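Let me begin by presenting the structure, written as structure tokens, before commenting on it.
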Amino acid sequence: MTVDPPPADPFRLPAAQSTAAARAIAERIRAHGPISFAEFMDSALYDPRHGYYRRSRPSVGRDGDFLTSPELHPLFGYAIAALAASDWDARGRPAAYTLCDIGPGTGALIDAAFGWAGARRPDFAAALRGVLVEPDGAARARQRERLGGFAARLTWSAGIEEAAPLRGLVVANELLDAQPVHRLRWSGDAWEELCVGLTDDRFHDVARPLDDASLLEPLVAIAPREGQVVEVCPGVAPLVGAIAAAVAEGLLLFFDYGDRRERLYAPWRTQGTLMSFHRHVPGDDPYIRVGEQDLTCHVDIDAVAEAARRGGLHAYPARSQAEWLAAMGATALSPVAEAGGGADLDAHLERRRAAQLLGDAGGLGRIQVLGFAKGMAPPVVGLESPVRAAAGSS
């Protein structure tokens, strides 16, 4: 077992004294020895008492630690609503159509989408229903307060299974990139797992022989360089499968930072993609502010596509968020973009700036849009025809 000593940083708080989440994890390591990074990340983000996403303080939004596309400006929600309306039209305008948001954050997406439907497509608005999949009670309370005007048409679910069966459009924005990952390092002739140890009350990497061969499946065709660190997320496939199972018929959209494997695990990416966010400042140290900062990694797009195919979904060609917004007409300030502003010049300029930020190829615009269909897959605005899986494929 190789121990990487903790950095000599006099300003870094000892793990066991910094946060409640850190103290709980440190106690576990003292009792049982080093844990996988996936266990560490799961506790730091999702522990029922101390996890980052289980706190009473908002994580997303201007008062949180990072901004997602729906929180940046309603324009993103307008585009989602326009796509949903196109799908509703193509399906023969059923009496009820569901927009489901998994991990709804502040509720901004539903707020904007329902507002756009009421202003631009009142016929669609009459059929529109919303489902917010949110396990955290404090977050649900904040969402209910914000969305009170649409309360009669909204329901909340603690998990995706509870929301099933869904018919309509399901959106998961930056959901997959917050799933716990294992960290692996190439020693020169083999992959080793970077686990989390504790020395002098400080967390640090501990390299151990890899004992779970399944973690190597995404790396079969990879030619790593010595010392290269990668992240592997075995939890993505079952999560995508569970979401696919909850969809009876309709569309599913994932929005996430990610890459195909040849780029995600390219040798120039020597330290992987793990990042932290605290008060809108990115960082690269997961062992500080444990439970009080977000942790995120790029998504393996190939793993998502494989899991979706096994779940009976048909994939639309992947595209960047910049490309998707352009296809929706949002970046050109079409009626999609103009839905909420009238003739006010300041609002017009604000929407123009939002369109630039949402489509910025160096920022939010490089988010990948992974679209899938289950059952009927009509052509809809912003998505090309899906690629049908071959019979018997898996």
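These numbers come from a predicted model, not from an experiment.
Aromatic ring orientation, Y53 versus Y46: parallel (interplanar angle below 30°, classes split at 30° and 60°). Below 30°, between 30° and 60°, or above 60°: for F255 and F76 the angle between ring planes is above 60°, a perpendicular geometry.
Between the side chains of E193 and H182, at least one donor-acceptor pair of N or O atoms lies under 3.5 Å. Using modelled atom types and a 3.5 Å distance limit, the side chains of T19 and H50 yield no donor-acceptor pair. A donor-acceptor contact closer than 3.5 angstrom is absent between the side chains of E226 and S187. Counting only N and O atoms by type, the side chains of D212 and S214 include a donor and acceptor under 3.5 Å apart. In this model, a donor atom of one side chain and an acceptor atom of the other lie less than 3.5 Å apart for S43 and R28. One side chain, S69 or Q321, offers a donor N or O that lies under 3.5 Å from an acceptor on the other. The closest side-chain donor-acceptor pair between T106 and E71 falls under 3.5 angstrom.
V232 and V196 end up in different hydrophobic clusters when Ile, Leu, Val, Met, Phe, Trp and Tyr side chains are linked at under 4.5 Å. In the hydrophobic clustering of ILVMFWY residues, with side-chain heavy atoms under 4.5 Å counting as a link, L169 and W324 come out together. There is no path of hydrophobic side-chain contacts, each under 4.5 Å, that joins M41 to L210.
The side-chain heavy atoms of L252 and K374, taken from C-beta on, include no pair separated by under 4.5 Å. Side-chain contact between L219 and L184: present, with at least one pair of heavy atoms (C-beta onward) separated by less than 4.5 Å. Side chains of L364 and Y257 form a contact here, defined as non-hydrogen atoms less than 4.5 Å apart. Side-chain contact between I160 and L166 is present, with at least one heavy-atom pair separated by less than 4.5 Å. In this structure, the side chains of L383 and L253 come closer than 4.5 Å at one or more pairs of heavy atoms. The shortest side-chain heavy-atom distance between R153 and F114 falls under the 4.5 Å cut-off. Two residues are said to be in side-chain contact when any heavy atoms from C-beta on lie closer than 4.5 Å; R23 and E27 fail this criterion.
Under a 4.0 Å N-O distance rule, the pair D87/R91 qualifies as a salt bridge. Between R30 and D201 there is a salt bridge, with a side-chain nitrogen of the basic residue lying less than 4.0 Å from a carboxylate oxygen of the acidic one. With respect to the salt-bridge test (charged N to carboxylate O, under 4.0 angstrom), the residues D205 and R185 do not qualify. A salt bridge is absent between R263 and D302: the closest approach of a Lys/Arg side-chain nitrogen to an acidic carboxylate oxygen does not fall below 4.0 angstrom. Here R260 does not pair with E306 in a salt bridge; the nearest charged N to carboxylate O distance is not below 4.0 Å.
Of the possible donor and acceptor atoms, none in the side chain of R49 sits under 3.5 Å from a partner among the backbone N and O of R54. Not one N or O on the side chain of D200 forms a donor-acceptor pair closer than 3.5 Å with the backbone of R202.
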Q) When you look at D47 and Y52, which way does the side-chain contact (heavy atoms from CB on, under 4.5 Å) test go after all the steps? A) CA-CA 8 Å; D47 180 86; Y52 175 77; over 6 Å; no
Q: Begin from the C-alpha positions of F124 and Y97 and carry the test ring-ring contact (aromatic ring centres under 6.0 Å, His included) through to its verdict.
A: CA-CA 8 Å; F124 173 55; Y97 184 97; 5.7 Å; yes
Q.
Let's go through T273 and V230 carefully: what are the C-alpha distance in whole Å and the side-chain angles of both, what is the deciding distance for side-chain contact (heavy atoms from CB on, under 4.5 Å) to 0.1 Å, and is it a yes or a no?
A. CA-CA 8 Å; T273 64; V230 301; over 6 Å; no
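Partner of I80 under the side chain to side chain contact (heavy atoms under 4.5 Å, CB included) criterion, chosen from I110, D101, V171: V171. Put simply, the residue from I29, I35, L45 that forms a side chain to side chain contact (heavy atoms under 4.5 Å, CB included) with F40 is I35.
Within the cation-pi definition used here (under 6.0 Å to the ring centroid, within 45° of the axis), R121 does not qualify as a partner of W116.
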